[in-house]
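Have a look at the structure below before the remarks.
Order of the sequence lines sets the chain letters (A, B, ...), proteins ahead of strands, with each chain counted from 1. Keep in mind that this is a model prediction, so the values were computed, not measured.
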Amino acid sequence: MAEDRIRVVLAKLGLDGHDRGIKVVARMLRDAGMEVIYLGLRQTADTIVAAAEQEDADVIGLSMHNAGHLTLAPAMLGALRAADLDIPLVVGGIVPDDDAAGLEEAGVAAVLGPGATAEEVVATIRRVVRGE
Amino acid sequence: MSNDDSSHADPSPADRARERWQAAYDRSARRDVPFETMSGVPVEPVYGDAPYPGQYPFTRGLHAGGYRSRLWTMRMFAGFGTAEDTNLRFKELLRAGGTGLSTAFDMPTLMGRDSDSPWALGEVGRAGVAVDTLADMEDLFAGIDLGGVSTSMTINGPAATLLAMYVAVGENHGVARVELAGTIQNDILKEYQAQKEYIYPPRPSMRIITDMVRFTTAEMPKWHPVSISGYHIREAGSTAAQELAFTLANGFAYVEAAIAAGQDVDEFGRRLSFFFNSHVDFFEEIGKFRAARRIWARWMKERYGATDERATMCRFHTQTAGVSLTAQQPEVNIARVATQALAAALGGTQSLHTDSFDEALALPSEKAARIALRTQQVVAHETGVANVADPLGGAPYVEWMTDEMERRAEAIFEHLDEMGDGSILEGVYAGIDNGYFVGEIADSAYRFEREVNSGRRIVVGVNAFTDGNDDSEPNLLRIDQATEDYQRKRLDGVKHRRDQERVGAALARIAADAAEPATNLMPAIIDAVKAHATEEEVADAMREVFGTYVEKAIV
């Protein structure tokens with residue numbers, strides 16, 4: 001069973017310090033049986049890529065509350081591509097609907113907006129990792 | 001027995017309290033409005049027993065006349081894009097009847113980074129206004145009479161630099177330091193606990209704050225050098241009692257630090273102010289506000305020896321709870337904000353920011369910000385709650401809730417006092433270091449989330465009454481990438497025009513003064529910003545000496 005546990009790397013990219021949401025999500029995913037590696041605040045795309053590689057992550061989750069998602073999420077996708085890593089990226093936080101569509105087109109696997117419930121968060125992670 | 005005659009002649013303590021209240025009330029200012037109900041029934045300025053509003057320990061409010069003398073200040077927090085953009089919003093808010101300015105800075109500014117830093121990518125002007133140099137600060141306050149408004153600046157890590165810039169803008173406008181009125185948040189302790197916008201480790205940060213307290217005490221008598229803020233602690237997930245206790249404990253910590261630095265508790269105690277959250281549980285919030293005043297007054301007098309009553313008064317600003325706003329059916333947030341604003345008024349706040357209904361989705365649009373201001377104008381001018389001071393005082397449930405909030409806070413103070421071996425300051429440092437605060441806050445946040453997810457706690461539009469959730473989003477404020485590009489060009493221009501030698505010398509002086517604990521850093525920082533040193537350059541000069549703070553990632 002252990003090898004089936006989904007490994008999630010969670011991080012705050014950039015200067016944004018709002019970490020209530022990501023900490024709650026970390027506990028939700030843990031309660032759902034996933035392995036959660038929370039990198040903490042003030043990560044860069046490079047530190048996240050390195051951690052995802054080292055931790056053999058199945059999925060990366062970023063939380064954004066400062067309206068920087070249209071710049072930061074593509075930067076993260078670019079860093080993953082440059083490192084030749086095929087790990088799905090999920091973005092959560094304050095992301096308006098219009099932006100969510102654009103981010104998904106750009107290659108973000110899923111966007112979890114401010115109204116997402118615990119069930120949606122867990123189901124979304126399972127879906128992007130396993131296609132469930 | 002021999003005193004019988006004189007004791008008959010003396011009024012009772014209750015009568016004396018009433019007389020003192022009456023005298024204070026008669027001396028106080030009066031708004032020119034009828035103090036009667038909408039049906040024409042005249043109402044008294046206060047009901048109930050001693051201690052009255054304006055009397056120690058101020059549970060019932062700081063002023064004998066409550067809001068009869070003066071309404072709370074309607075202080076709307078604003079900031080986005082470039083300094084020019086925010087300047088226009090400021091002028092709009094002043095025209096709409098706002099009476100104080102409150103500045104939100106963008107993330108790079110809050111973290112001591114310039115707009116051209118790699119860290120600033122995607123964040124310039126997004127969640128507040130970008131300020132890199134004095135030139136931006138000049139634009140921010142262009143055409144605004146700094147001698148006539150009070151300005152609040154929400155900034156902590158680099159607060160000394162922004163205060164220095166404000167002083168410099170004042171000088172350029174011909175407004176002397178003694179005339180500048182306002183507040184700078186400058187509450188670094190809650191950054192390590194909740195908001196996470198720190199630069200240096202706690203102890204050197206505390207030294208900078210002590211320098212600012214000294215500077216403003218000597219030169220800026222109308223300035224509040226620290227606004228001790230529970231708002232962010234609550235937003236990060238704490239309970240009401242934790243917000244109350246952590247905030248006041250941080251206040252005690254600043255008091256202990258200032259006393260240790262040789263400051264007079266009566267002198268600086270008068271100019272401390274607080275900032276609380278007004279959340280959605282109506283009576284719990286009112287009890288919290290009333291308890292805050294009582295606890296602060298008692299501790300300042302009994303533990304820290306304040307003798308000037310003004311130094312024992314807990315003055316506070318309130319903001320409605322951003323975290324209570326829902327992305328679902330966002331217009332419903334207007335109702336939440338209205339009840340929270342009412343709780344703040346009934347709790348006796350000195351100033352109030354009401355959140356905009358669209359803030360779960362984006363920064364407030366102009367229309368949403370105007371509705372938010374209108375909401376507090378309805379509370380102030382239509383509901384009649386401002387006619388009577390502490391109108392809920394004496395109600396059994398309200399008094400019980402006030403006592404209960406106090407009991408819960410006292411239990412937390414006891415724990416911190418133990419962790420600090422008899423010093424709250426050391427207890428707070430220890431709690432930052434050992435993860436006590438972040439752990440307690442995260443536990444409370446998770447408990448709340450589980451209650452909502454299980455349906456035990458109803459949040460309208462989230463887990464109940466969801467018809468209408470599919471309506472399209474309201475028009476949101478957008479900050480485009482052009483802002484970032486524009487601001488970088490602007491910064492580049494300032495860097496090219498300035499006298500580099502003067503900047504270098506000013507920065508070297510900051511580093512040298514930082515290494516001398518007895519030297520006040522403010523004069524060197526003022527000098528540097530006048531030379532158009534950037535915010536990040538000033539921060540770097542101190543990073544060299546103080547180091548930086550990195551939080552352990554704990555879930």
Can you confirm whether B:Asn475 is buried at CG, in the sense that more than 12 heavy atoms of other residues, nucleotides or ligands lie under 6.0 Å from that atom?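 Count not over threshold, so no.
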Within this structure, what is the [atom1]-[atom2] distance for the pair [X] and [Y], rounded to the nearest 0.5 Å?
X        : Y        : atom1 : atom2 : value
B:Arg126 : A:Asn66  : CZ    : CG    : 10.5 Å
A:Asp19  : B:Gln195 : CG    : CD    : 10.5 Å
B:Glu197 : A:His18  : CD    : NE2   : 7.0 Å
A:Asp31  : B:Arg450 : CG    : CZ    : 5.5 Å
B:Glu123 : A:Asp16  : CD    : CG    : 6.0 Å
A:Arg20  : B:Arg234 : CZ    : CZ    : 9.0 Å

For the residue pair [X] and [Y], what are the closest heavy atoms and their distance?
X        : Y        : answer
A:Gln43  : B:Trp119 : O-CZ3, 4.0 Å
A:Pro96  : B:Leu361 : CG-O, 3.7 Å
B:Met107 : A:Leu15  : CE-O, 3.1 Å
A:Ile94  : B:Glu359 : CD1-O, 4.2 Å
A:Pro114 : B:Ala327 : CG-CB, 3.5 Å

Return the option, out of A:Gly40, A:Gly17, A:Gly113, with the maximum number of heavy-atom pairs under 4.5 Å with chain B.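 It is A:Gly17.
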At a heavy-atom distance under 4.5 Å, which candidate from A:Asp97, A:Thr117, A:Leu72 has the highest pair count against chain B?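 Top option by heavy-atom pairs under 4.5 Å: A:Asp97.
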Who among B:Ala445, B:Ala127, B:Pro108 has the most heavy-atom pairs with chain A under 4.5 Å?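 Option with the greatest count: B:Ala445.
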Top residue by heavy-atom pair count (under 4.5 Å) with chain A, among B:Val462, B:Asp106, B:Val452, B:Leu121?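 Most pairs with chain A among the choices: B:Leu121.
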Going by heavy atoms in the side chains, are A:Val25 and B:Glu449 under 4.5 Å from each other?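 No - every pair of side-chain heavy atoms lies 4.5 Å or more apart.
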NZ or CZ of A:Arg42 within 45° of B:Tyr549 ring axis and under 6.0 Å: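 Relative to the ring axis of B:Tyr549, which defines the angle, A:Arg42 lies outside at least one limit.
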Heavy-atom contact with chain A under 4.5 Å, split by part of [X]:
X        : value
B:Glu235 : backbone
B:Val323 : side chain
B:Asp443 : both

Can a donor-acceptor pair be found, under 3.5 Å and without considering hydrogens, that links the side chain of A:Lys23 to the backbone of B:Ile554?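 Side chain of A:Lys23 to backbone of B:Ile554: a pair is present.
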Chain B contact via A:Leu39 - side chain, backbone, both or neither, heavy atoms under 4.5 Å: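 When you check distances to chain B, only backbone atoms of A:Leu39 fall under 4.5 Å.
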